[in-house]
Undergrad: 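Could you have a look at this structure, given as structure tokens, before my questions?
Predicted model only: the values in this text are computed from it and were never measured. Each chain gets a letter, A, B and so on, in the order the sequences are listed, and its residues count up from 1.
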Number of protein chains: 2
Amino acid sequence: MTRTVVESKTKTAIIGFDQPFCVIGERINPTGRKKLAAELEMDDFSTVEADAIAQVAAGATILDINSGAVFSNKMAEDPRYADNNFVEPMLMKALVERVQAIVDVPLCIDSSVPGALENGLAAAEGRPLLNSVTGEEERLELVLPLVKKYNVPVVAISNDDTGISEDPDVRFAVAKKIVERAADFGIPAHDIVVDPLVMPIGAMATAGNQVFALVRRLRDELGVNTTCGASNISFGLPNRHGINNAFLPMAMAAGMTSAIMNPVALPIGPKKIAEKKAEIEAAGIILPEDMDDETFVKLFGMGSTKSGPGKEMEAIRAANLLTNNDPNGGAWIKFNSANAGDGGAAGGRRGGRRRRA
Amino acid sequence: MTRTVVESKTKTAIIGFDQPFCVIGERINPTGRKKLAAELEMDDFSTVEADAIAQVAAGATILDINSGAVFSNKMAEDPRYADNNFVEPMLMKALVERVQAIVDVPLCIDSSVPGALENGLAAAEGRPLLNSVTGEEERLELVLPLVKKYNVPVVAISNDDTGISEDPDVRFAVAKKIVERAADFGIPAHDIVVDPLVMPIGAMATAGNQVFALVRRLRDELGVNTTCGASNISFGLPNRHGINNAFLPMAMAAGMTSAIMNPVALPIGPKKIAEKKAEIEAAGIILPEDMDDETFVKLFGMGSTKSGPGKEMEAIRAANLLTNNDPNGGAWIKFNSANAGDGGAAGGRRGGRRRRA
């Protein structure tokens, strides 16, 4: 039974076929988050700390730490800041230290800059996950020695020097090559977590079936754990959460054991609240002047879990039950079942009749 | 490629590995619906007709017609009504005639009474699905000749004279026996839709994995389509829709091709509306006296699709996309994708970075 052990100073997260699905929180990543990058440029880690706490509270058992910031202001003063090989190693060290000072979950050190990977590995307590190696020759030769030196598990992304293949057989072959090359370094398959690269169904209609088959092969033939950017599947489509909510249980049924994703239910913003208030006042409803937004949101059922990332965590929890990997050992279910009347093993089906829900 | 063809006078529904998931509407069933049974006893078919229309509108492509009513008042006057062999054949004929007069989808004739099955088959136009045969000897000998005589497909429930086994291997063996016995009658495997009997996870923690493995075996080894009472899995548990919403995509990923279920989003009841009104008035909100319930429900976001059966249809639609069996051929996705910017096949993943949702 494949188990990838990831550790902080005090906590262990296990990615494995017989484990609850491992949620790797993706929020601590300045790539494409201009506001966060600007904060980090001013040594302000308050958003990072808040994101760390919120993601752990929402169910992440590993936190991804990505140092891919662009420091535009400093760049103007000092041309060295235009080079990520200069910026990221410093930033990674600071991010790792800040995050592990405030939460105790294991970390995932995420950068395309080798110096940032090494600094993250040096700063992290315990046994972090490294993110990532690819099948590119240069990357293999740079990253695998680090993996060996620090004795850590690594995310292996199935692209190589030819790019990302749309052919799942090629992506499988790239993953196999990485596993074999790692073995040459003495790195076992159970320390490799393959990201088979989820294509968006908007660009490739067969992307769902393709990744399910690929995950199954990676598990059966290479014995490796798997991960993915969970939201890629719905990229560019309407109702992304609806699609993600079906994708995650299906991927889990195929054997996917982790995902890099946002577990936090989005809070509803003040703009949306103001719009809703205007709408209901237009309908003749009079609101008390002193009603705070929190009470308003509660009364008007505007909880973001209706369609937000919180629903994806619900889908994961349900799928953990359905794959018999519930982290609570199904204890609450057994309790409930005992109070549920005649819910015998036959599931309400007798002599060709069905009990209706 | 296994295809089970079910027809009304004018419409064809195909259950198959390469088809959109087939939703068989379960609402027309007086078993456990006392109010409906009382209506039918008085020859009132208005609820049946409304249920037929609503289920088709919600996405059912086949309607199950179950005649299992108990006519308590008539029973008091005429002891023959205590016998389902007396009541159901008459009722089935009436139900089939009423339903096919008002909607044009194929029907599923559902009874434990042989006379009701025969009457339903005789009354139904086209090629209905028969529900059901089991592995019980008496049932096999009664139902398979009907299946042969009317040349219809049949639901095969995997229990036999020893009852319902908790061992999935036994349930597979029962299904295999039914398929073999049907072959003796000249009935092909593609006309058999196996219900492998979904156990509730509340009673058996391995029930999810068990049914996924069983569905896969039925498909790979017997080449048959499958169905289930979709809500059995969550019987006796809290948040049933949350569990069902994960179960359906997982079962579809395993190869389940249809389900007998309620596709209709439940309307919110007057009691719930009154409770909510009291809650918000207690918070100091003044509602206009002339506000109708419909406007109120709309403003307060109390749409039942938040957690009701409507969400299960959303999960099915998303899973159809993910298994590349979208009934619209993914046309709307392609349209949307063309407008989605740079959503290339790489899914926003470049050089070890991830675009965040």
Undergrad: Quick check on the interface: out of B:Gly208, B:Pro249, B:Ala253, who has the most heavy-atom pairs with chain A under 4.5 Å?
TA: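 Of B:Gly208, B:Pro249, B:Ala253, B:Pro249 has the most heavy-atom pairs under 4.5 Å with chain A.
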Undergrad: Give the table of side-chain donor-acceptor pairs shorter than 3.5 Å for residues 277-286 of chain A, with sequence neighbours excluded, one pair per line with atom names and distance.
TA:
residue  : atom : partner  : partner atom : Å
A:Lys277 : NZ   : A:Asp293 : OD1          : 3.0

Undergrad: Which of the residues A:Leu248, A:Val133, A:Asn324 is involved in the greatest number of heavy-atom pairs with chain B at under 4.5 angstrom?
TA: A:Asn324
Undergrad: What is the minimum heavy-atom distance between B:Leu322 and A:Ile243, and which atoms define it?
TA: CD1-O, 3.8 Å
Undergrad: With a 6.0 Å cut-off (strictly less than), is the heavy-atom count around CD of A:Glu138, excluding the residue itself, greater than 12?
TA: no
Undergrad: Which residue out of A:Ile316, A:Val211, A:Thr206 racks up the most heavy-atom pairs below 4.5 Å with chain B?
TA: A:Thr206
Undergrad: Picking from A:Ala254, A:Ala318, A:Ala246, A:Ala251, which has the most non-hydrogen pairs under 4.5 angstrom with chain B?
TA: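 The answer is A:Ala246.
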Undergrad: Sort out for me which of A:Gln210, A:Met252, A:Arg139, A:Met250 touches chain B most, counting heavy-atom pairs under 4.5 Å.
TA: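 Most heavy-atom pairs under 4.5 Å with chain B: A:Met250.
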Undergrad: Would you mind telling me which of B:Asp290, B:Thr323, B:Leu287 has the largest number of heavy-atom pairs within less than 4.5 Å of chain A?
TA: B:Thr323
Undergrad: Is it the backbone or the side chain of B:Ala319 that comes under 4.5 Å from a heavy atom of chain A, or both, or neither?
TA: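 Both parts, heavy atoms under 4.5 Å.
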Undergrad: Rounded to the nearest 0.5 Å, how far apart are CG of A:Asn325 and CG of B:Asn209?
TA: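 These two atoms lie 7.0 Å from each other.
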Undergrad: With a 4.5 angstrom heavy-atom cut-off, could you sort out which part of B:Phe212 is near chain A: side chain, backbone, both or neither?
TA: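 For B:Phe212, the contact with chain A is made by the side chain alone.
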